[in-house]
Every structure is written in structure tokens, then in C-alpha cells.
Student: 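Could you have a look at this structure, given as C-alpha cells, before my questions?
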Amino acid sequence: MADVPLNLKNTLRSLRVKLGYTQAEAADLLGITPPTLRSWEKDSTAIKWTNVERIESVYHTPRDYIFFGKEVSFSERAKKTYVS
């Protein structure tokens, strides 16, 4: 399993807060339990790729932004991270 970018937990939390969802509300929309969402936001549990599409849909945000920030595309970041 690849390492999860360090900013993921901050991005997930800030997107949720920006949309005005509590952890319980967001977890319900994502089809997960609040403890699972808390662990994602604390970066203590890896997110399965099957859940990434739900996150994109519920948070109305593309996965490149969720994982790496809007200024760097997934492929650009992957090159920088794994081809060093």
C-alpha cells in the first residue's frame, strides 16, 4: 500500500467544515461510521479506494485536490513523490 499524503487529514476535515457538516452528518452521507471518519481525519486509518469516489461525490471535490491540493495534479505529485 502506498503512503497517504500528509495533508490528507487536513484536507478532509477542512472540506467537511467548509460544507457545514458535522462528523456524524458527513459519515452518514459517506455511508461509514463516525469513528471511521474520525480516523481518516486523524490519518490513523488508510482510506480504501472504493471510498474515494464517495468522498469526491459528497464533498463535490476531485480526488486530485483531496489527496494533493489543487495546485498539483495527481500525476505530477506521484512523479515527485515516488521517482525521487
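The figures that follow rest on heavy atoms only: side chains count, while hydrogens, waters and symmetry mates do not.
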Student: First locate atom OG1 of T36, then atom NZ of K48, and finally report the distance between them rounded to the nearest 0.5 Å.
Tutor: 9.5 Å

Student: Sequence neighbours left out, what passes side chain to side chain contact (heavy atoms under 4.5 Å, CB included) with S14? Give chain and number order.
Tutor: none

Student: Suppose we screen for side-chain hydrogen bond (donor to acceptor under 3.5 Å, both in side chains). Which residues come up paired with S57, at least two apart in sequence or across chains?
Tutor: none

Student: Would I55 and V17 show up in the same hydrophobic cluster when neighbours are defined by side-chain heavy atoms closer than 4.5 Å?
Tutor: no

Student: For residues Y59 and L37, report the shortest heavy-atom separation together with the two atoms involved.
Tutor: OH-CD1, 4.1 Å

Student: Find out whether I47 and L12 are in side-chain contact, i.e. whether some heavy atom of one side chain is under 4.5 Å from a heavy atom of the other.
Tutor: yes

Student: Taking only residues two or more places apart in sequence or in another chain, which ones pass side chain to side chain contact (heavy atoms under 4.5 Å, CB included) with L29?
Tutor: Y21, V58

Student: Can you pull the salt bridge (charged side-chain N to carboxylate O under 4.0 Å, His left out) pairs that have at least one residue in residues 13-26, sequence neighbours excluded?
Tutor: R16-E41

Student: What residues form a side-chain hydrogen bond (donor to acceptor under 3.5 Å, both in side chains) with R54, not counting sequence neighbours?
Tutor: N51

Student: So does P34 get a backbone contact from the side chain of Q23, meaning a donor-acceptor N/O pair under 3.5 Å?
Tutor: no

Student: Please report the interatomic distance OH(Y65) to CG(L15), rounded to the nearest 0.5 Å.
Tutor: 5.5 Å

Student: Could you pull out all residues at least two apart from D28 that satisfy side chain to side chain contact (heavy atoms under 4.5 Å, CB included)?
Tutor: none

